[in-house]
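Working notes, structure below.
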Protein chains: 2
Amino acid sequence: MPSASSNPSETRPSGSRADDPDTHRTGGLDGGSVPDGAHFSFVGSGIGGVGIDDVARLAGVSTATVSRALRGLPEVREATRARVRRAAAELNYVPSPSAASLASGRTRTIGLLTASFSRWFNRNVVEGAEERLRAAGYDVLLHAFDFSLDGSRAPIDMSAMRQRVDGVIVLGIPLSPDERRTLDELSVPMVFVGTGPPDHVRVSMNDHEGSRIAIEHLAALGHRRIGQIGAKVPYDSRWSSAAERHEGTIAALAELGLEYDESLETFGDYTQAGGRAAAAALLDAHPDMTAIFAYSDEMAFGALEELRARGIRVPEEMSVIGVDGHELSSLIRLTTVAQDARAQGDAGATLLLEMIAGAHVGRDVRFPVALVDNGSTAAVSMSSRA
Amino acid sequence: MPSASSNPSETRPSGSRADDPDTHRTGGLDGGSVPDGAHFSFVGSGIGGVGIDDVARLAGVSTATVSRALRGLPEVREATRARVRRAAAELNYVPSPSAASLASGRTRTIGLLTASFSRWFNRNVVEGAEERLRAAGYDVLLHAFDFSLDGSRAPIDMSAMRQRVDGVIVLGIPLSPDERRTLDELSVPMVFVGTGPPDHVRVSMNDHEGSRIAIEHLAALGHRRIGQIGAKVPYDSRWSSAAERHEGTIAALAELGLEYDESLETFGDYTQAGGRAAAAALLDAHPDMTAIFAYSDEMAFGALEELRARGIRVPEEMSVIGVDGHELSSLIRLTTVAQDARAQGDAGATLLLEMIAGAHVGRDVRFPVALVDNGSTAAVSMSSRA
DNA sequence: TTGTACGCGTTATCAG
DNA sequence: CTGATAACGCGTACAA
């Protein structure tokens, strides 16, 4: 018997536990005229319908004391608190979050807006943030958006979060100006992870440094014609990790005295398929290219696919480097600039909780990166493809 | 991986935010003695204070009519509905979910209990389910549990879901009897995806068929000594996909007249590292083994790592086959029994919504599987490792 | 330290 | 088709 009915008053799993005093009506103040057990209302009742006043009655205190005791407020005598706890446990009482939210204005829920889990970074950040938030007693409302980054996506209705969350984490989504505005109007603390506008708290890896490491590594191997697989930046080019990795690349090339060729830049939009297509375009247009720098491991994987399809050997004929430190980069043999995405999720959540608690936090947190050489890069060979 | 202690850097102190002096909820209705110079535009910025009675007043109707009109109930004249809609839009009104839940008993929220996203299957199911649920107007409460399947994990407190959700999806978690009981006591509709007990609605791939396909494929290539990398089943061995894949394997071997050797079975617990360790154990104990069947692609990836480390060539010296159809199985060259995890998430969510609507749904939904040959299997060679 | 009583913002009932 | 109003279950000033 699957409990398929949404009406709890008819199909209840009966006779399981004898100590469950259900059919308790909670409205003890008014109608004594209603026969016990009469279902004149099917709202709000889960299985037990055990309310705070049931606990109060059993513990011999007022509902206010129950509320204070169970929430750990300091002004309750320990003996009283223990008695209340015992009563609550005996009745299997769980406070109604809806009622608590309505009365207090707090929801103990965090909105987690994220781009698709197909991105390694996103899913790892979500895991790190979720664990931290739940450990702190917060629920996580997940909104995952699967869209192409190249502009054309349905606008996100931020007002759906109204009154639902105490804070918001935005993960890997370049918001439109309009979305940013409506999000600001929620007037709850907000943290951006991976990519985010200035004048907002943001957690991400050190994007400039990551690009510098990649470019310097390739340059040290003698590469001069380096193709880039990046991502289009839809609204505001200043912020977003893609923009910063691009800036970092240009800066690194300049530092090394290498020429920057805009035509060596393509866009894979952080997907494997996009990375492959971008690699194909680069290979077609630049026979003299000897190395590819992809802004994510997944795009680099796509590039490796295309190279294999064309019979171009890695690293002998083409060096490839990615960003992330994907757990399969070793098996696939992709050299990469690794970051700790899970720790960034944890940090973002921690910052958000501090902001909710009223603390002032720094505007920006950048995480370190490190090169992991898995053998997809090598010195420029004499046997050019050209 | 970067350093284990990935320390973030440079937390700049926040500059002064001139525009945000602790925006608190304004009473709105009673503020008669507001000093001059106060911004009267707090209504326009739409923060918090707009309630259903504000809309009712502007539209010239009662709050009850506003509620009915905005929820699309049929008993409202279209002209009235339009007027209400206009008023609501003008005031930027968003109903309070807490108040609605308290009054109606419904939360329009689904609890999504899932094992770690490190599993390909889980993250894809979550994506499919989340998209479907949000399209139906439901919010998704995410609870991700990162635990080892081999028994020792902290018990999940299901009562935290009480009064918070209208339904629950359990994904890839073998629940303890105690957890099952407390979950049942929520008395909300419930769907299991990937693995789940009998007498509950369940969506998963056809596990028996998957094993049969894998074993028949290997047997047709002449393999007789086939190692298995499965997963431990903690509580109840009858349900869970791991148990069914195991059953299917034994059945397939029997059909083919092949011997079943229990010592050829190991446990990788659905992780890459676990798969690698399991493969190592198999290789040590069975020099005559010529093929490995892993119950997931990620475990198979781990096996491939171990084989590479030992210099054993795939598929010349060892055939390997996995289950899932991971997006990197092609690049990695892993032959696999593919399933559509996203569709299963979608189906699970759809079933749950139907159950919430009061429909009776079938007990079991099984998704088809298909062999994808990516070249990690071959006929048994004469040049044995032994 | 504890109790009283009101209000949070909707929905559902019942009467028009 | 619409209006008035009583719950919904808890948090929290204020009082004791």
Side-chain angles (χ1 to χ4, degrees), chain A residues 7-8 24-31 33-34 38-46 48-57 59-84 88 91 93-108 162-164, chain B residues 25 27-30 48-57 59-84 88 91 93-108 162-164:
Chain A
N7 186 340
H24 252 54
R25 301 263 343 124
T26 57
L29 297 180
D30 57 336
S33 61
V34 181
H39 303 275
F40 72 93
S41 166
F42 50 84
V43 297
S45 58
V50 185
I52 196 173
D53 26 38
D54 296 304
V55 179
R57 210 171 301 127
V61 296
S62 73
T63 61
T65 299
V66 173
S67 175
R68 290 187 277 244
L70 259 32
R71 282 182 302 146
L73 296 195
E75 65 254 33
V76 183
R77 198 195 307 158
E78 275 312 315
T80 310
R81 194 193 302 280
R83 202 146 32 93
V84 170
L91 294 177
Y93 166 71
V94 175
S96 155
S98 303
S101 296
L102 190 55
S104 71
R106 285 172 235 110
T107 63
R108 294 206 71 82
R162 267 243 195 100
Q163 306 278 59
R164 292 234 65 169
Chain B
R25 355 178 3 124
L29 300 179
D30 58 345
V50 187
I52 196 173
D53 26 40
D54 296 306
V55 179
R57 209 172 301 124
V61 295
S62 72
T63 61
T65 298
V66 173
S67 175
R68 289 186 279 244
L70 259 32
R71 282 183 300 152
L73 297 194
E75 65 256 33
V76 182
R77 200 197 305 157
E78 275 312 314
T80 309
R81 195 192 302 278
R83 202 147 32 95
V84 170
L91 294 176
Y93 166 71
V94 176
S96 154
S98 302
S101 296
L102 188 58
S104 71
R106 283 170 237 112
T107 63
R108 295 206 71 83
R162 267 246 194 97
Q163 305 278 61
R164 292 235 66 171

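Below, chain A is the first sequence line, B the second, and so on; all start at residue 1. Just so it is clear, the values below take in all heavy atoms, side chains as well, and ignore hydrogens, waters and symmetry mates.
The CD1 atom of B:Ile52 sits 17 Å away from the P atom of D:dA6 (whole-angstrom rounding). Note: CG (A:Leu102) to P (D:dG11) measures 11 Å, nearest angstrom. Rounded to whole Å, atom P of D:dG3 lies 14 Å from atom CG of B:Asp53. As rounded to whole Å, 14 Å separates atom P of C:dG3 from atom CZ of A:Arg57. The distance from atom CZ of B:Arg162 to atom C1' of D:dG9 is 14 Å, rounded to the nearest whole Å. Across the protein-nucleic acid pair, A:Gln163 atom CD and C:dC8 atom P stand 13 Å apart, rounded to whole Å.
Nearest heavy-atom pair, A:Val84 versus A:Val55, reported as atom, atom and distance to 0.1 Å: O-CG1, 4.1 Å. A:Thr80 and A:Thr65 make their closest contact through CG2-CG2, 3.8 Å (heavy atoms, listed as atom of the first residue, atom of the second, distance). Between A:Val50 and A:Tyr93 the shortest heavy-atom distance is O-CD1, 3.5 Å.
Residue whose closest nucleotide on DNA chain D sits further toward the 5' end, between A:Ser98 and A:Arg106: A:Ser98.
Exactly one residue among A:Ser101, A:Ser96, A:Pro95 makes a side-chain contact (heavy atoms from CB on, under 4.5 Å) with A:Ser98. That residue is A:Ser96.
Here the nucleotide nearest the side chain of A:Thr63, chosen from C:dA12, C:dA5, D:dC8, is C:dA5. In this structure, the nucleotide among D:dG3, D:dT12, C:dT2 sitting nearest to the side chain of A:Ser104 is D:dT12. Ranking D:dG3, C:dT10, C:dG3 by closeness to the B:Ala100 side chain, first place goes to C:dT10.
In this structure B:Arg68 satisfies the salt bridge (Lys or Arg N to Asp or Glu O under 4.0 Å) test with no other residue, sequence neighbours excluded.
For A:Arg81 (side chain) and A:Leu73 (main-chain N/O), a donor-acceptor pair under 3.5 Å exists by modelled atom type.
Nucleic acid contact for A:Ser101: none, since no nucleic acid atom lies under 4.0 Å from a heavy atom of the residue.
Listed pair B:Ser96 / C:dG9 fails the phosphate criterion, with no side-chain N or O lying under 4.0 Å from OP1 or OP2.
Within residues 65-77 of chain A, the residues that have a heavy atom under 4.0 Å from DNA chain C are, in order of number, A:Thr65, A:Arg68, A:Glu75, A:Val76, A:Arg77.
Annotation: the span from A:Arg108 atom CZ to B:Arg164 atom CZ amounts to 10.5 Å, rounded to 0.5 Å.
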